[in-house]
Amino acid sequence: MALLETKDLGITFGGLRAVGDFSIKIEEQELMGLIGPNGAGKTTVFNLLTGVYLPTEGVINLDGENIVGKKPYEIVQKGISRTFQNIRLFKDLTVIDNVKMAFHHKMKYSAVEGILRLPSYWKEEKEIHEKALELLKLFNMDQAAYTTAKNLPYGQQRKLEIARALAADPKLLLLDEPAAGMNPNETKELMETIHFIRDKFKIAILLIEHDMSLVMGICEKIVVIDYGMIIATGTPEEIKKNKKVIGAYLGE
Amino acid sequence: MLTVNGINVYYGAIHAIKDVSFHVGDGEIVTLIGANGAGKTTILHTISGLLRTKTGDIKFLDNPINKVEPHEILKMGIAHVPEGRRIFSQMTVLENLQMGAYTRTNKEETNNMIEMVFEKFPRLKERVNQLAGTMSGGEQQMLAIGRALMSKPKLLLMDEPSMGLAPILVQEIFNIIQEINSAGTTILLVEQNANMALSIANRAYVLETGKVVLEGNAKELLGNENVRKAYLG
Amino acid sequence: GSNSQNSGSSDVIKIGGIAPLTGDVAVYGVAANNGAKLAIEEINANGGLLGKQIEYVAYDDKGDPTEAVNAYKKLTSNDKVEAILGAVTSKPTMTVTPLAAKDGIPMITPTATALEVTSAGPNIFRACFIDPYQGEVMAKFAVEELKAAKAAVIYNTADDYSVGVAEAFRDAAQNFGAQVVSFEGYNGDDKDFKAVLTNVKGQSPDVLFIPDYYNRVGLIAQQAKEVGITATLLGADGWDGVIGVNPEAVEGAYFCNHYSTDDTAEEVQNFLKVYKEKYNEDPVSFAALGYDAMKILAAAIEKAGSTDKEAVVKALAETNITSVTGTITFDENRNPVKGVAIIRIENGSNKLYTKMSL
Amino acid sequence: MNKRLKSYSINIGAIIVIYALLTLLMKTGIINSYYEVIVISIGINIILAASLNLATGYLGQLALGHAGFMAVGAYVSAICTSHMNLPDTLQLIVSILVGGIVAGIFGILVGVPALRLKGDYLAIITLAFGEIIRVIILNLKITGGARGLKGIPPLTGFNSVFWITIIIVAIIYTLINSRHGRAIISIREDEIAAESVGIPTTYYKNFAFSLAAVFAGIGGGLYAHYYTVLDPGYFDFMRSIEILIIVVLGGMGSLTGSIVAAIVLTIIPQLLIDFADWRMLIYSIILIIMMLFRPEGLFGKKEFSLITLLKGKQQALNTAPNSNGRSE
Amino acid sequence: MTFLQQLINGIHVGSIYALIALGYTMVYGIIKLINFAHGDIIMMGAYITFVSLIMLNVPAWMAIIIAILVCLISGILIERIAYKPLRNAPRISALITAIGVSLFLENLFFKIFGGNPRPFPVLINTTPISLGSLQISMVTLITIVISIFLMLALDLFVKKTKTGKAMRAVSEDQGAAQLMGINVNTTISITFAIGSTLAAIGGILYSTAYPQIDPFMGMMPGLKAFVAAVLGGIGIIPGAMLGGFIMGIAESFTKGYISSQLADAVVFGILILVLSLKPSGIFGKNVKEKV
Ligand SMILES: Nc1ncnc2c1ncn2[C@@H]1O[C@H](COP(=O)(O)OP(=O)(O)OP(=O)(O)O)[C@@H](O)[C@H]1O
Ligand SMILES: Nc1ncnc2c1ncn2[C@@H]1O[C@H](COP(=O)(O)OP(=O)(O)OP(=O)(O)O)[C@@H](O)[C@H]1O
Ligand SMILES: [Mg+2]
Ligand SMILES: [Mg+2]
């Protein structure tokens with residue numbers, strides 16, 4: 001069974017059918033790309049998968065369970081986490097606190113235990129503190145653990161957002177234009193990081209990106225949409241040659 | 001046309017721009033490249049008056065502008081496509097374009113400009129009455145550029161216009177930039193996509209942590225080994 | 001108070017005041033305070049009390065019970081006053097009375113009319129009538145003098161003074177044989193009473209009783225005219241001052257008061273004159289009561305011959321003086337026994353119509 | 001472990017020293033009964049401000065109806081006392097707890113519809129609820145209507161106010177520095193991002209909001225049993241504003257800020273009392289000037305910490321949601 | 001008949017709320033500040049008219065113009081002194097200074113004129129027009145007509161004129177607005193000027209209807225008008241108008257048919273109901289943030 005399967009997923013805004021007949025399958029540990037022209041509906045797909053928008057049609061099965069209608073936080077707890085096209089960090093909190101937020105649903109101690117500072121509080125807090133530092137280390141950000149998030153350079157903010165999404169312990173990670181605003185060198189570094197994450201955490205990744213060097217460089221499979229509809233699916237090699245994709249998206 | 005001479009800019013205690021000098025000649029495309037946080041956006045904001053210099057001066061057409069209010073600077077002929085687009089999300093596409101022509105009094109001319117923008121970006125014409133905030137990232141970027149063109153600037157500042165655009169559009173945006181330029185508008189371009197930027201620019205400045213570290217002919221820099229390593233991948 | 005000094009010397013007698021000097025009931029507090037200050041000036045000018053000058057320290061309570069406690073404690077702990085004059089409105093007064101009862105300090109409120117005010121302890125007195133008394137007197141007046149068969153009452157639900165007087169009037173009017181056709185409340189911070197008045201008009205009463213303070217009464221009377229009410233308007237002591245606000249609207253109305261300005265008694269005329277000279281405005285009943293309360297207190301201290309608490313309280317209980325609001329003695333509940341003046345508003349001024357008691 | 005112990009002992013030590021000092025000063029009469037009233041008002045204001053800070057500073061929801069919850073707590077606890085007859089201290093504790101719980105129930109009733117709204121809409125709907133609560137109190141028999149309640153036994157004293165204030169502030173502090181507090185703060189920072197990392201935002205919004213109502217109710221209970229008279233007019237919109245001013249002036253999201261601001265703003269009007277009718281004019285000018293000079297409040301989002309102060313570090317100010325003691 | 005009478009009463013109060021709400025909405029629209037001092041501008045308008053008429057003995061039209069000018073200038077000054085320095089501060093700080101300004105104005109007038117209410121001179125002949133047993137006063141008619149006229153004018157102004165559009169642009173993004181060549185300071189000043197003018201007119205009409213003025217008179221109508229603005233959808237001009245009328249009529253009917261004490265509760269209850277069903281008010285656009 002595929003990790004995630006959508007069937008005829010769609011949403012209409014007013015009269016505009018932003019996404020329609022959207023059916024894909026993502027296998028465990030798969031690295032898939034979602035590309036398409038601006039306004040094609042890529043971010044909208046992410047918003048549907050994470051429960052931000054309620055689809056007007058279709059099903060989303062995660063591990064065989066339909067998650068349509070679930071709240072965003074419930075979907076995170078079920079194993080899909082994401083980053084945003086426009087970075088949404090907790091800007092005024094420290095880097096490490098940003099990461100700790102995402103451990104929330106994995107922790108157990110109750111409000112009363114927290115207030116009374118029972119051993120369970122100390123134990124779990126210590127654990128997640130170490131875990132958060134470890135995670136930051138993977139991204140080479142442990143030095144900046146106590147900097148306020150908004151003071152980070154843009155590229156680091158993107159990385160922090162990925163780290164935070166990972167901390168939620170997903171099975172499927174959705175990345176919305178992770179390389180936007182990065183120069184080619186930084187993009188290269190990011191590619192390595194994404195690969196590394198997939199292998200280390202053994203998770204599937206679905207990413208949206210307009211930087212073809214990144215998409216073609218790391219995705220095993222690519223889905224192309226235009227006007228909300230899938231126009232092509234295939235390996236990077238196939239997509240590169242697809243006439244429709246070239247006409248609508250890649251250009252000459 | 002624009003001369004920036006030894007400016008220093010601070011965010012509170014943070015010294016973001018250190019003694020930066022450069023100039024942009026009439027009819028040129030000049031590009032600023034540099035890593036994240038190098039200070040490119042800060043420089044553009046300073047030119048258009050949203051930020052103030054501590055020391056140094058900026059001259060536009062031989063008039064000092066570093067003490068002039070931003071709205072006056074626009075009237076002098078500098079338009080700005082800001083980073084992150086900053087379109088008016090509660091207004092429609094059309095209203096956004098009209099705002100771009102705020103200082104203009106001639107209605108007909110405004111309408112002509114709007115037609116011209118629609119020609120360049122047909123997607124905007126399709127969505128003329130959509131609230132700008134609900135448009136996709138790329139659509140918003142087109143709107144931001146279109147809006148800046150509405151004031152018919154002499155100098156156009158562009159902050160990462162290709163960010164988040166589909167490859168086919170990136171190509172197109174760069175074509176449009178060249179078009180705008182050959183129609184007589186001088187352009188100061190900030191880009192992460194250094195390859196593209198250098199290939200259409202006349203000259204370029206490389207910025208590192210608030211300082212100009214390299215400058216020269218764009219084509220030469222494109223061939224420069226250090227630049228290749230650091231910015232072109 | 002603006003006139004407090006940090007002298008612990010014993011050549012002055014310190015008297016404390018609590019009154020709303022700021023906030024939305026400041027009008028009443030300032031008037032009462034002015035009256036008290038005027039009395040003190042007179043006493044001091046005539047050689048003071050027991051050969052000493054009176055020093056008056058007044059603090060603002062904003063009409064807020066919490067602030068009244070602060071003021072009380074400051075007066076008793078920091079300023080160590082010998083007696084207290086205040087507070088002005090009922091609720092702050094009742095917050096302070098249990099404390100005063102415990103301390104046994106002589107206390108007289110010029111204007112707090114709520115029934116329970118003086119029940120806190122034998123050292124608490126007041127210079128004004130109590131709410132029920134006024135309501136009953138006006139009911140008697142309406143039925144017996146004006147021969148009213150149908151009475152309507154509207155009152156301010158947010159103000160216990162208004163509620164208390166209104167309820168007493170309603171009950172008494174029924175006892176005297178009138179029919180109360182309408183008994184409706186309105187909100188304290190309203191400016192528009194037309195809705196209520198429109199309903200009252202529908203009942204075509206002979207008299208409309210409005211026990212509230214003059215500033216609101218001005219508005220209500222105006223709007224009563226606008227909706228076409230022709231009933232005779234009646235009011236209570238809170239009305240004193242209404243002719244300064246909206247004389248036309250209340251022309252021909254009656255209200256009860258502690259005194260009448262056309263009383264020819266020397267005390268009254270002198271008070272009117274001096275007050276006007278000093279404050280450049282006509283005194284309202286709050287000012288008169290503030291003045292009288294101070295006079296009562298001073299007389300008691302004089303009589304006691306010292307500022308000893310118990311002696312002063314005892315002297316207060318035996319009060320018998322004649323001042324602006326009449327000849328005052330206290331009953332066993334330490335409420336004043338004095339006549340009520342019924343005032344009629346004629347040609348924009350207050351005319352003594354009759355004197356009444358139950 | 002050692003560090004933890006040390007920090008606890010320093011804080012507890014400081015509290016005991018303050019308590020002993022205040023008690024001593026009262027016994028010797030240096031703090032006379034006037035100053036004692038001020039100390040008690042400060043305590044009650046701290047409770048109200050700290051609880052509002054939970055809703056407004058930490059949760060980030062501007063609430064303008066806090067006085068409504070205080071009123072519920074005050075009336076309910078006063079009525080409770082009049083229907084029971086326990087030993088004084090126990091009676092007080094039971095009454096204010098009942099008051100607090102009922103206020104908390106009102107918090108949920110108000111929170112469920114109100115917290116679906118954002119920003120100023122939330123502010124205005126809480127204002128509306130606050131006013132409705134007041135109108136209801138004004139129209140009930142059991143609350144005495146416009147006449148209010150009188151003769152409530154004076155059970156509140158310095159000891160009860162002191163210790164309850166300490167307990168409430170400590171609860172809020174430890175809560176904020178736990179995963180639940182982080183969840184509350186995440187909502188302030190970015191609600192959408194909070195949901196996207198798995199935080200049930202609706203639950204935490206209601207949780208924080210009704211807990212704030214519980215504490216406000218307890219504050220109200222203490223108030224009722226100190227002043228012994230309740231006046232519905234007291235719990236109006238301006239009272240909510242007064243509490244909000246304390247929170248903002250102290251710094252939204254700073255408990256120590258709320259404490260300091262409660263002290264300052266309780267004392268200033270008392271100092272101004274000698275200026276009679278100039279008093280409010282001066283107060284308003286002070287308020288404007290303070291905000292113009294410190295728009296983020298006295299403490300911003302920082303906490304003042306004794307430990308760092310004692311260690312003589314330069315930064316005695318410690319970022320709040322950070323349980324592990326380091327700061328930027 | 002009572003019904004119609006109550007309705008007319010409601011529309012009268014409602015149109016005053018609406019007029020005041022317009023000013024609130026405009027100021028809120030542009031700097032997202034609940035301008036608590038707005039209610040006190042009403043009071044100022046009334047007092048200045050009073051002073052000009054009684055103490056300076058000028059004719060009524062001149063008194064009104066003086067009042068409007070004084071309020072307009074005060075509005076601009078208040079923004080410059082108390083709000084402008086806080087433009088980049090947390091919004092709630094500006095809210096607190098607004099409260100400070102409100103307290104300041106109230107107590108300033110208290111200090112100058114005392115707390116005693118003053119009779120407001122008759123500006124409009126108050127003999128009511130009778131239609132059967134129905135009474136409509138001139139004041140009511142004039143108030144309604146002026147309010148509706150001003151609302152329409154204002155709506156056109158904001159929608160059609162450049163300055164109006166500039167206001168909307170400034171309200172969204174001051175930086176971007178500057179890049180369009182908009183003078184942000186001027187635009188904000190114009191907004192305050194308009195808002196204060198409306199408040200001054202509102203104050204005069206209010207005092208004509210309830211001819212008694214005191215330093216705290218602005219608080220209640222200010223609060224109610226703000227609620228009206230929110231009810232209709234804050235920032236939206238016809239919304240403020242509709243909200244004002246709904247509040248006025250609801251108030252009048254509750255007082256007339258249920259109970260005066262409950263009028264506030266009903267009004268606020270309607271607000272809660274509307275916001276529960278439509279979180280951004282009746283005319284409010286329910287814009288979800290796009291992520
Ligand atoms: N809430 C909404 N209301 C109305 N239209 C919307 C809404 N959200 C998205 N849209 C429209 O749906 C279409 C798809 O938007 P989406 O953001 O998914 O594009 P995208 O593929 O992510 O584009 P880009 O690459 O530019 O980010 C766009 O035309 C957009 O205007
Ligand atoms: N509002 C601000 N407050 C404080 N520091 C800032 C602010 N904005 C930018 N900075 C800092 O100033 C420096 C220059 O930032 P700037 O945004 O100009 O860089 P940039 O070259 O445009 O980067 P990017 O490629 O990420 O857009 C950075 O170190 C940044 O952290
Ligand atoms: Mg997108
Ligand atoms: Mg930049």
Side-chain angles (χ1 to χ4, degrees), chain D residues 56-57 60 62 64 110 112-114 116-136 138-139 145-146 191-193 196 237-238 241-242 244-245 247-249 252 277-297 300, chain E residues 28 32-34 36 81-83 85-108 110-111 114-115 219 223 226-227 229-231 233-234 259 261-277 279-281 284 288-289 291:
Chain D
T56 298
L62 177 57
L64 296 180
V110 174
V112 169
R116 288 171 42 221
L117 306 181
K118 293 215 164 28
D120 295 313
Y121 287 98
L122 178 104
I124 213 74
I125 202 174
T126 50
L127 184 159
F129 271 112
E131 288 296 291
I132 286 184
I133 289 175
R134 193 171 63 84
V135 173
I136 291 174
L138 203 51
N139 282 288
E191 205 175 326
I192 291 173
S196 83
F237 164 66
M238 274 320 284
I241 293 287
E242 270 172 35
L244 183 69
I245 290 175
V247 173
V248 177
L249 185 75
M252 307 237 297
D277 51 354
W278 286 99
R279 155 183 205 206
M280 290 306 292
L281 201 59
I282 300 172
Y283 175 80
S284 66
I285 293 171
I286 293 179
L287 190 65
I288 296 171
I289 290 175
M290 286 204 281
M291 280 334 287
L292 288 181
F293 280 91
R294 279 205 80 87
E296 71 287 356
Chain E
Y28 183 90
K32 300 284 174 289
L33 168 73
I34 305 178
F36 269 97
I81 295 167
Y83 305 155
L86 295 174
R87 265 190 214 155
N88 298 319
R91 273 208 297 133
I92 191 161
S93 315
L95 185 80
I96 303 293
T97 38
I99 292 166
V101 171
S102 165
L103 285 177
F104 174 77
L105 291 177
E106 284 165 12
N107 287 288
L108 181 70
F110 178 80
K111 194 67 210 150
M219 264 163 47
L223 189 62
F226 182 66
V227 170
V230 175
L231 190 66
I234 193 149
S259 128
Q261 295 100 293
L262 294 181
D264 280 355
V266 168
V267 165
F268 285 120
I270 291 176
L271 176 79
I272 291 170
L273 194 74
V274 167
L275 290 188
S276 304
L277 299 175
S280 44
K288 244 193 156 174
E289 199 176 349
V291 296

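Order of the sequence lines sets the chain letters (A, B, ...), proteins ahead of strands, with each chain counted from 1.
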Please classify the contact of Leu108(E) with chain D as side chain, backbone, both or neither, using a heavy-atom distance under 4.5 Å.
both
SB check Asp120(D) Arg91(E) (cutoff 4.0 Å):
yes
Per-residue contact mode, Ile272(E) against chain D (heavy atom under 4.5 angstrom):
both
Pick one of side chain, backbone, both or neither for Ile234(E), based on which atoms fall under 4.5 Å of a heavy atom in chain D.
both
Between Tyr83(E) and chain D, which part of the residue has a heavy atom less than 4.5 Å away: side chain, backbone, both or neither?
neither
Smallest separation among heavy atoms of Ser284(D) and Leu103(E), with atom names:
CB-CB, 3.6 Å
Pairwise distance CZ(Phe104(E)) to CG(Leu281(D)) - rounded to 0.5 angstrom:
5.5 Å
From Glu296(D) atom CD to Leu86(E) atom CG, the distance as rounded to the nearest 0.5 Å
10.0 Å
4.5 Å side-chain heavy-atom contact, Ile288(D) and Ile81(E):
no
Please flag which part of Ile34(E) lies under 4.5 Å from any non-hydrogen atom of chain D: side chain, backbone, both or neither.
side chain
Ring centre gap for Phe36(E) and Phe237(D) strictly below 6.0 Å:
yes
Distance col, row Thr56(D):OG1 vs Ile92(E):CD1, nearest 0.5 angstrom, shows 6.0 Å
What distance do Asn107(E) atom CG and Ile282(D) atom CD1 have between them, rounded to the nearest 0.5 Å?
10.5 Å
